[in-house]
2 protein chains.
Amino acid sequence: MPAAPARTFKPTPAGRRGAATAERILDAAEGLFAERGYSATTLRDVATRVGIQNPSLYNHFESKEALYAAVLERDIGPVLEALSEFLLDGSEGSGDPAQVAERVMELLARRPRLPRLVAHETLSGGDQLTRMLREWMVPVFARAHRMVEISPGAERWNPDQIPHLVLAMYHIVIGYFTIAPLYEALTGDDLLAEQALERQTRLLREIVGALFTSTEKSAG
Amino acid sequence: MPAAPARTFKPTPAGRRGAATAERILDAAEGLFAERGYSATTLRDVATRVGIQNPSLYNHFESKEALYAAVLERDIGPVLEALSEFLLDGSEGSGDPAQVAERVMELLARRPRLPRLVAHETLSGGDQLTRMLREWMVPVFARAHRMVEISPGAERWNPDQIPHLVLAMYHIVIGYFTIAPLYEALTGDDLLAEQALERQTRLLREIVGALFTSTEKSAG
DNA sequence: CCAATAGACTAACTAGCGCTAGTTTGGTAA
DNA sequence: TTACCAAACTAGCGCTAGTTAGTCTATTGG
């Protein structure tokens, strides 16, 4: 029996149809939190989107904060899991920045709202950032840092530039998903469409390739 | 009533000491809006930071929205002006992506809260983005797009990848300033310190150099 | 079949928001 | 000095937020 993860919220055991409603609530809340951020999202909006009255939310989550935490956990959990699995299992290219970047794009493309949630958090949560985010962010960046250090072409960079380089790659990826709604509003193009996502993945591959390869090209 | 009293026209719309207070209000509001975003910032917080009572704000700004608009305008205006001046006057390197990027870094380093304001806007303002932001964002991106098209090494990119490339550069720059407070909270390092800003500028120069140069190096 | 209960509802509370009204204060100019 | 007025203050209104209490209903296990 695998150890149950620390179930911090969910006051009610949630019966059969209750579990389904909880899921719908999470979907609605995810969308709204991703669009507007925590404080601009009201529970009445969430409830309306679900099609219930707002006090009914309390049958499934004990507070707005708990709902928010549940949304984050549901989204971040699988991504982190898949990512660290990919990184740890020593499968081909798990140490190659380009392939890691590609994998991240793949994972986020399936949860395109997560980057916006993270962006809202990193914007508003300067000091009091969600514990969850703190917990994964530091190790993930540390790992990326190490990966860059041992990548080909690392000698091009000053050691103290590597954190900046990692941040830059992070922002390219997160920023892309984050700006998608605005970009569509301004230009009409959907950055989350399959074609656009492919373009972005290809671009990312080329950028990483251009930055993490010794100046002479060594195709493999 | 006639009796138009001599009343020499006022140099400032607000009285002498009033103008100074308005400036302090703008400073305080800028900080809070940049930290927390619009809806998470209360006028009472702003007033407290200024050291006055919140109704006094209405002696200087007619509403929260007006205050917010004033903050944005005060920050964005000079940057846009300086930037378009640099781009239009045909000074050396005004068509060189690396130098433009450097100039942008310079401008933003002097107003490090502006990127956070913009980030909040682009995150929350999907549909109802501030008019101001809409007005500068599209032309700025269009100009960047054109610059990339005619830059050396443009043949490396598919035409439909160029918008993505521009976005990527945008996100590297904006993201850097945006994440600074969080980064400091997590690592203790201040990304807005002079040294760090220099490192970032150098990094940006190298990244742009690696991406916007024909594969063979042609130093000039 | 009935009692238990998950899960919806309505009603309403409290806190805090943006904002207004009316008053006081202190510097400036006649 | 005195009149004026920008700009501060205190008090509080109306509204909406998150949250709680209590009720009704329909599914379900014994």
Side-chain angles (χ1 to χ4, degrees), chain A residues 7 9-30 32-33 35-72 120 124 128 130, chain B residues 1-29 32-33 35-72 120 124 128 130:
Chain A
R7 206 90 86 95
F9 21 82
K10 238 199 281 185
T12 50
R16 275 161 289 308
R17 65 183 194 288
T21 315
E23 211 64 27
R24 285 167 54 221
I25 293 172
L26 284 171
D27 290 339
E30 183 195 67
L32 288 166
F33 284 139
E35 278 173 37
R36 314 176 187 177
Y38 180 81
S39 68
T41 299
T42 75
L43 291 183
R44 283 171 175 84
D45 287 338
V46 174
T48 299
R49 187 171 282 201
V50 176
I52 60 179
Q53 296 296 323
N54 91 84
S56 298
L57 297 175
Y58 288 83
N59 288 322
H60 303 273
F61 302 94
E62 55 178 27
S63 69
K64 185 186 181 183
E65 266 191 57
L67 172 59
Y68 182 66
V71 166
L72 274 184
H120 274 294
S124 305
Q128 52 200 358
T130 309
Chain B
M1 290 303 232
R7 187 80 96 99
T8 46
F9 58 90
K10 316 185 199 178
T12 45
R16 280 159 286 310
R17 63 183 195 287
T21 318
E23 212 62 28
R24 285 166 53 220
I25 293 172
L26 284 170
D27 290 339
L32 287 166
F33 284 140
E35 279 172 36
R36 315 176 185 175
Y38 180 81
S39 68
T41 298
T42 76
L43 292 184
R44 284 169 177 86
D45 288 339
V46 175
T48 298
R49 188 171 280 201
V50 176
I52 59 178
Q53 295 296 323
N54 94 83
S56 300
L57 298 175
Y58 288 84
N59 288 322
H60 304 273
F61 301 93
E62 49 176 33
S63 68
K64 185 185 181 184
E65 266 190 55
L67 172 58
Y68 182 67
V71 166
L72 273 184
H120 275 294
S124 305
Q128 51 199 359
T130 307

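To find a chain, count down the sequence lines: A is the first, B the second, and so on, and within it residues start at 1. In what follows, every heavy atom counts, from backbone to side chain, and hydrogens, waters and symmetry copies are set aside. Keep in mind that what you see is a predicted model, and the values were worked out from it rather than measured.
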Quick test: give all pairs of protein nitrogen or oxygen and nucleotides 17-19 of chain D nitrogen or oxygen below 3.5 Å, distance rounded to 0.1 Å.
unit_1: D:dG18; atom_1: OP1; unit_2: A:T41; atom_2: O; d: 3.3
unit_1: D:dG18; atom_1: OP1; unit_2: A:L43; atom_2: N; d: 3.4
unit_1: D:dG18; atom_1: OP1; unit_2: A:K64; atom_2: NZ; d: 2.9
unit_1: D:dG18; atom_1: OP2; unit_2: A:L43; atom_2: N; d: 2.8
unit_1: D:dG18; atom_1: N7; unit_2: A:R44; atom_2: NH1; d: 2.9
unit_1: D:dG18; atom_1: O6; unit_2: A:R44; atom_2: NH2; d: 3.1
unit_1: D:dT19; atom_1: OP2; unit_2: A:Y58; atom_2: OH; d: 2.6
unit_1: D:dT19; atom_1: OP2; unit_2: A:K64; atom_2: N; d: 2.8
unit_1: D:dT19; atom_1: O5'; unit_2: A:Y58; atom_2: OH; d: 2.9

**Request:** Return no unless some side-chain N or O of B:H60 is found under 4.0 Å from OP1 or OP2 of D:dA8.
**Result:** yes

**Request:** Not counting sequence neighbours, which residues clear side chain to side chain donor-acceptor pair (under 3.5 Å) with B:N54? List them please.
**Result:** none

**Prompt:** For A:T48, what residues pass the side chain to side chain contact (heavy atoms under 4.5 Å, CB included) criterion, not counting sequence neighbours?
**Reply:** none

**Message:** For DNA chain C, which residues of residues 46-53 of chain B approach it to below 4.0 angstrom with any heavy atom?
**Reply:** none

**Item:** Residue pairs, two or more places apart or on separate chains, that pass salt bridge (charged side-chain N to carboxylate O under 4.0 Å, His left out) and touch residues 51-72 of chain B
**Value:** none

**Asked** Are any of A:T21's side-chain N or O atoms less than 4.0 Å away from OP1 or OP2 of C:dG7?
**Response** no

**Between D:dA8 (P) and B:L57 (CG): distance, integer Å** = 9 Å

**Prompt:** Can you name the residues that form a side chain to side chain donor-acceptor pair (under 3.5 Å) with A:Y68, not counting sequence neighbours?
**Reply:** A:E121

**Prompt:** Just to confirm, is there a sub-4.0 Å distance from OP1 or OP2 of C:dG7 to any side-chain nitrogen or oxygen of A:S56?
**Reply:** no

**Fill in**
With sequence neighbours left out, the residues meeting side chain to side chain donor-acceptor pair (under 3.5 Å) with A:S56 are none

**Item:** Set of side chain to side chain donor-acceptor pair (under 3.5 Å) partners for A:S63, sequence neighbours left out
**Value:** none

**Request:** Report the residues that fulfil side chain to side chain contact (heavy atoms under 4.5 Å, CB included) with B:A69, sequence neighbours left out, ordered by chain and then residue number.
**Result:** none

**Evaluation steps, side chain to side chain contact (heavy atoms under 4.5 Å, CB included), between A:R36 and A:D45** = CA-CA 11 Å; A:R36 314 176 187 177; A:D45 287 338; 2.8 Å; yes

**Item:** Base C:dA6 to side chain A:N59, donor-acceptor N/O within 3.5 Å cut-off
**Value:** no

